[in-house]
Amino acid sequence: MARSVVVDPSRIAAIPLFADLPTGELDELAAAMSEVEIEAGAAVVTLDSYATGIYFIEQGEADVLTGRDEVTESLGPGDTFGEIALLLTGERSATVMARTPMRLLSLSGQDFERIRAQVPELERSLRRLGLERASR
């Protein structure tokens, strides 16, 4: 699923959450990310599973489902998911199903911990997003 591809920092800067990150943080992030291809209909993450990373959508669309399998949100290019589990709870708070084929950028929890000190703005942005979503 994940491929080791050198991720160009400009691909990361295109994601709204990262648009204002300093160049050094973009470079650090690019070096730690991998590219993931997902087939339509596949579950990218499942409710209550252990968090292994955070995902950033480059191409494709997905649905966010609650425990009752109701679609609560649709995600598309530029959107992020997985931050609540990675930073706040340790477990997935929803299932994310690919509605179309998708290309994601992925940052594993292990890599996030490794670069965390070098990317303080990234952590602040992700934490803000996670808290906002968790309170909905």
key: Sub-6.0 Å ring centroid separation between Phe56 and Phe18   = yes
ask   = Which atoms form the tightest heavy-atom contact between Gly76 and Ile57, and what is the distance?
value = O-CB, 3.5 Å
note = Between Gly78 and Pro16 the two heavy atoms that sit nearest each other are O-CD, 3.5 Å
Which residues share a side-chain hydrogen bond (donor to acceptor under 3.5 Å, both in side chains) with Asp111, sequence neighbours left out = Ser108, Arg114
Straight-line distance of Ile12 CD1 to Met33 CE, nearest 0.5 Å = 4.5 Å
Spacing of Ile54 atom CD1 and Leu105 atom CG [to the nearest 0.5 Å] = 11.5 Å
note = Residues at least two apart in sequence or cross-chain that pass salt bridge (Lys or Arg N to Asp or Glu O under 4.0 Å) with Arg128, listed by chain then number, are none
Gap between atom CD1 of Ile38 and atom OG of Ser106 - 0.5 Å precision = 9.0 Å
request  = Quick one: closest heavy-atom pair of Thr100 and Gly60, and the distance?
outcome  = OG1-CA, 3.2 Å
Nearest non-hydrogen partners of Glu35 and Arg11, listed with the distance = OE1-NH2, 2.7 Å
query = Say you draw a straight line from CG of Asp27 to CG of Leu21; how long is it, rounded to the nearest 0.5 Å?
reply = 10.5 Å
task = Could you tell me the separation between the CG atom of Leu17 and the OG1 atom of Thr80, rounded to the nearest 0.5 Å?
result = 4.5 Å
message = Can you tell me which residue among Val96, Leu104, Asp79 is in a side chain to side chain contact (heavy atoms under 4.5 Å, CB included) with Tyr55?
response = Leu104
request  = Return the minimal non-hydrogen interatomic distance between Arg99 and Ala40, and the atom names on each side.
outcome  = O-CB, 3.9 Å
message = Ignoring hydrogens, what is the shortest heavy-atom contact between Gln59 and Pro77? Give both atom names and the distance.
response = CA-CG, 4.3 Å
inquiry  = Can you confirm whether Gln118 is buried at CD, in the sense that more than 12 heavy atoms of other residues, nucleotides or ligands lie under 6.0 Å from that atom?
reply    = yes
